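One structure is given here, and the rest of the page talks about it.
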Amino acid sequence: MADAEKNNQDQLTVNTIRALCMDMVQKANSGHPGAPMGLAPAAYVVFKHFLKQNPANPSWVDRDRFVLSGGHASSLLYALLYLFGYGLTLDDLKKFRQWGSKTPGHPEYGETPGVETTTGPLGQGVANAVGMAIAERHMADRFNKDDQYVIDHYTYAICGDGDLMEGVALEAVSLAGHLGLGRLILIYDDNQITIEGKTGIAFTENTRAKFEAMNWHVVEVADGNDLSAIEKAIRSAKDAVSKPSLIKIRTHIAYGSPSKQDSPDAHGSPLGEEEIKVVKKFYGLPEDKDFYVPDEVLDNTRKALAYGEGYEKTWQEAFTKFKTLYPEDANLFVDAITGFLTKGWDKDIPVFKPEDGPVATRAASGKVLNAIAPNLPALMGGSADLAPSNKTYMTCAEEFQKEVWGGRNIRFGVREHAMGAIMSGMYLHGGVRPFGGTFLVFSDYMRPAIRVASLMRLPIIYVFTHDSVAVGEDGPTHQPVEHVAALRAIPGLTVIRPADANETVFAWKKALGTLNSPTALILSRQKLPTLDLSNSDGDMIWGGYTVKSAGKTPDMLIIATGSEVHISVAAADILEKKHNIKASVVSLLSWELFEQAPVAYKERMLPPSVTKRLTVEAGISMGWQKYAGSQGKCISIERFGASAPGGKVLKEFGFSVDNIVKTALEM
């Protein structure tokens with residue numbers, strides 16, 4: 001094909017993408033047309049000339065990853081997925097932003113073939129891409145041989161001004177530069193427009209200098225419509241093997257619109273039918289045709305199907321050879337990619353005994369983690385600079401650092417929000433099972449990433465330690481009060497607050513055995529007795545069981561979690577011996593699991609006929625009323641903590657055996 005003909009074909013395809021985006025937004029009467037119109041050339045160049053993809057198998061292992069961090073530009077991604085043969089139809093594009101469609105307002109993982117991650121909250125997609133790049137480097141280091149590659153791909157992401165204003169993106173960018181993730185290419189849509197106006201009203205930094213200072217390779221493209229310059233910039237980025245790359249492209253929001261180009265008016269509302277006609281004329285497209293796709297455009301883009309089949313066939317042939325040469329590694333590779341828990345992963349997990357003495361659940365968690373880690377090589381994670389406190393370091397593994405990408409301990413640094421979103425990207429890439437730790441009080445910093453992981457149903461494991469006001473002298477800034485309730489409020493997140501070391505064992509087993517939702521482990525700093533379950537009833541697999549049974553018809557129920565369970569058992573002993581009150585104690589370690597239990601089981605643990613109920617948890621009472629009932633009481637904390645030794649703070653807030661007994665007698 002002659003250069004002129006190729007250029008004409010490329011330009012026609014770009015303009016068709018732009019028109020499809022305008023039509024989608026107009027038909028839906030909502031959406032964001034401006035960014036897709038400006039970004040279409042850059043996105044097209046990536047998909048056409050660089051993306052190693054197989055549209056017929058969007059989950060092929062060694063594909064390049066593509067993340068649209070600015071998820072509001074979703075119409076652009078949907079247009080590309082349709083044109084390049086990912087299975088979307090024109091009818092799907094016409095249902096943009098409609099109930100039950102494959103083309104929701106922001107890209108949603110699992111809803112649309114080719115969508116690698118759910119994006120929308122700005123900045124998180126950048127962090128997801130960093131996580132994917134981490135997983136790619138780790139898997140390549142772990143499995144590739146000098147004569148045989150099974151992982152050899154790139155991660156591309158497109159971001160905008162809004163992404164780079166969000167802290168989560170800059171946290172992740174900083175870590176990516178430190179790690180030297182040369183397979184990560186970030187395309188910056190520098191259209192200089194936000195919802196409120198020109199970016200200059202709030203964003204005047206030197207982006208190039210900032211990224212270069214964080215060890216990124218930076219290339220600038222002066223004209224976002226210059227396809228050859230964009231292609232050259234991406235090739236330069238691929239050559240910068242020791243650094244991640246930022247390609248800063250000066251684009252124009254709503255390019256070609258006489259009244260909306262370079263205006264915030266084009267960001268979040270349709271252009272209008274008359275304006276669209278003018279723009280289509282400018283693009284050289286029929287003004288009176290909606291969702292129009294010339295045959296030569298489809299001929300151009302659908303070549304990706306043949307190329308993709310070839311890419312995957314070549315990889316499959318290489319992997320067949322790999323299985324012959326390295327059968328053990330091949331089996332581990334399949335385990336990692338499929339999420340299969342390698343046989344024997346749990347064989348060394350300890351059993352804790354009451355006579356062994358008290359142990360903090362964070363310490364028990366560390367022992368369990370280090371019992372699992374040697375037998376589950378896909379396990380990978382770390383902490384937000386708190387590994388010694390969170391007990392999240394795997395002693396059997398190296399650190400994941402630049403050029404030491406086979407390491408499994410990640411030093412996330414003090415970057416909680418990015419850590420959460422990076423872990424999601426790691427899992428979405430495939431091949432690793434991520435976990436990450438911090439103090440419970442800082443779960444607030446991670447909450448946006450946890451929420452999106454829950455939306456995607458990703459089995460991430462969050463390790464939250466220092467779970468109550470028992471943190472003590474650090475004072476109210478470090479003492480979580482409302483945080484467990486806040487985590488329980490996230491749909492799809494399983495929260496487990498174990499009462500002792502053996503419940504912590506269960507929590508890890510349950511978290512790793514769950515493949516369709518994230519899990520938050522809520523762990524104590526202070527030592528807790530290992531429960532004697534000789535007089536217990538029920539099974540902790542349902543999230544709630546009777547730790548101390550007073551028979552089928554107890555006089556009252558004490559329902560507790562975590563560090564409050566053992567003092568509840570001690571109080572129940574006193575109530576029976578001194579006051580002839582039979583109290584059963586229920587450890588309700590996970591509300592979410594308990595609510596999934598059969599009704600008969602729940603009624604056995606919490607008999608409806610027993611209306612005298614006392615709930616005990618060192619946090620706010622929100623939600624506990626459901627279990628306390630109309631005649632019950634809650635021992636809780638409804639204000640911030642105070643600086644003092646942990647035991648003193650707990651006692652002042654009523655978390656003592658004496659106060660539980662006193663409250664029970666008053667009921």
Side-chain angles (χ1 to χ4, degrees), residues 7-45 68 70 72-80 82-83 90 93-94 96-97 105 158-162 187-203 220-230 248-294 296-297:
N7 291 341
N8 289 338
Q9 186 182 70
D10 285 342
Q11 192 59 58
L12 178 61
T13 304
V14 167
N15 288 340
T16 299
I17 293 168
R18 287 165 160 159
L20 286 173
C21 293
M22 291 190 297
D23 288 341
M24 276 187 265
V25 174
Q26 187 64 41
K27 183 170 178 58
N29 198 30
S30 72
H32 306 77
M37 294 164 70
L39 264 175
Y44 169 72
V45 169
L68 182 68
H72 57 276
S74 59
S75 61
L76 172 63
L77 181 55
Y78 300 147
L80 290 163
Y82 159 68
L83 291 173
L90 276 179
L93 302 192
K94 292 174 183 178
F96 180 55
R97 290 184 157 232
I158 291 182
C159 72
D161 297 298
I187 296 171
Y188 169 27
D189 174 27
D190 181 21
N191 65 31
Q192 300 181 8
I193 294 293
T194 63
I195 292 174
E196 293 186 353
K198 297 284 186 181
T199 54
I201 62 176
F203 189 61
E220 295 193 51
V221 177
D223 180 3
N225 292 308
D226 188 337
L227 300 179
S228 62
I230 295 169
K248 185 174 181 283
I249 304 179
R250 178 67 175 99
T251 64
H252 296 276
I253 195 169
Y255 174 75
S257 172
S259 65
K260 301 278 181 84
Q261 180 174 316
D262 296 327
S263 166
D265 293 343
H267 173 77
S269 59
L271 298 182
E273 292 181 0
E274 294 306 313
E275 184 82 4
I276 288 175
K277 289 180 180 179
V278 175
V279 179
K280 286 180 178 178
K281 182 177 181 180
F282 173 75
Y283 290 160
L285 298 171
E287 303 168 41
D288 58 344
K289 292 185 178 180
D290 297 335
F291 296 94
Y292 172 68
V293 180
E296 54 265 47
V297 168

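Given the structure is predicted, the values throughout are model-derived calculations rather than measurements. Numbering starts at 1 and runs along the sequence shown. Quick note: numbers below take in every heavy atom, side chains included, and nothing from hydrogens, waters or symmetry partners.
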Can you find a heavy atom in the side chain of [X] that is under 4.5 Å from one in the side chain of [Y]?
{"X": "Lys198", "Y": "Ile193", "result": "yes"}
{"X": "Val45", "Y": "Asp10", "result": "no"}
{"X": "Leu12", "Y": "Asn8", "result": "no"}
{"X": "Val293", "Y": "Tyr82", "result": "yes"}
{"X": "Asn29", "Y": "Pro270", "result": "yes"}
{"X": "Thr13", "Y": "Thr16", "result": "no"}
{"X": "Leu271", "Y": "Met37", "result": "yes"}
{"X": "Ser74", "Y": "Phe96", "result": "yes"}

Side chain to side chain contact (heavy atoms under 4.5 Å, CB included) assessment of Tyr255 paired with Val279: CA-CA 9 Å; Tyr255 174 75; Val279 179; over 6 Å; no
Nearest-0.5 Å distance, [atom1] of residue [X] to [atom2] of residue [Y]:
{"X": "Asn15", "Y": "Leu285", "atom1": "CG", "atom2": "CG", "answer": "5.5 Å"}
{"X": "Leu77", "Y": "Leu39", "atom1": "CG", "atom2": "CG", "answer": "11.5 Å"}
{"X": "Leu227", "Y": "Tyr44", "atom1": "CG", "atom2": "OH", "answer": "7.5 Å"}
{"X": "Thr194", "Y": "Asn191", "atom1": "OG1", "atom2": "CG", "answer": "9.0 Å"}
{"X": "Ile276", "Y": "Asp290", "atom1": "CD1", "atom2": "CG", "answer": "7.5 Å"}

Kindly check if the number of other-residue, nucleotide or ligand heavy atoms within 6.0 Å of CD1 (Ile195) is above 12? no
In this structure, are over 12 heavy atoms from other groups packed under 6.0 Å from Glu273 atom CD? no
Over all heavy atoms of both residues, which pair between [X] and [Y] is shortest? Give the atoms and the distance, please.
{"X": "Pro258", "Y": "Val278", "result": "CG-CG1, 3.7 Å"}
{"X": "Gly160", "Y": "Tyr188", "result": "C-CE1, 3.8 Å"}
{"X": "Leu76", "Y": "Ala43", "result": "CD2-CB, 3.9 Å"}
{"X": "Ile201", "Y": "Gly197", "result": "CD1-N, 4.4 Å"}
{"X": "Leu93", "Y": "Tyr78", "result": "CD2-O, 3.7 Å"}
{"X": "Glu275", "Y": "Ser257", "result": "OE2-OG, 2.6 Å"}

All pairs passing salt bridge (Lys or Arg N to Asp or Glu O under 4.0 Å) where residues 23-42 contributes a residue, at least two apart: Asp23-Lys280
Using the side chain to side chain contact (heavy atoms under 4.5 Å, CB included) rule, take Glu220 and Arg250 through it: C-alpha gap first, then chi angles, then the decisive distance, then the call. CA-CA 8 Å; Glu220 295 193 51; Arg250 178 67 175 99; over 6 Å; no
With side chain to side chain contact (heavy atoms under 4.5 Å, CB included) as the criterion, how do Arg18 and Phe282 come out once you've worked through the C-alpha distance, each side chain's angles and the decisive distance to 0.1 Å? CA-CA 12 Å; Arg18 287 165 160 159; Phe282 173 75; over 6 Å; no
Determine the interplanar angle of the His267 and His72 rings, folded into 0 to 90°, and report it as parallel if under 30°, tilted if 30 to 60°, perpendicular if over 60°. tilted
Starting from the C-alpha separation in whole Å, work towards a yes-or-no answer on side chain to side chain contact (heavy atoms under 4.5 Å, CB included) for Phe291 and Met24. CA-CA 8 Å; Phe291 296 94; Met24 276 187 265; 3.8 Å; yes
Donor-acceptor side-chain pairing of Asp189 and Thr251 below 3.5 angstrom: yes
In chain order, what residues pass the salt bridge (Lys or Arg N to Asp or Glu O under 4.0 Å) check against Glu196, with sequence neighbours excluded? none
Would you say Ser269's side chain and Asp265's backbone share a donor-acceptor pair under 3.5 angstrom? yes
Look only at the side chain of Gln26 and the backbone of Gly272, and say whether a donor-acceptor pair between them is shorter than 3.5 Å. yes
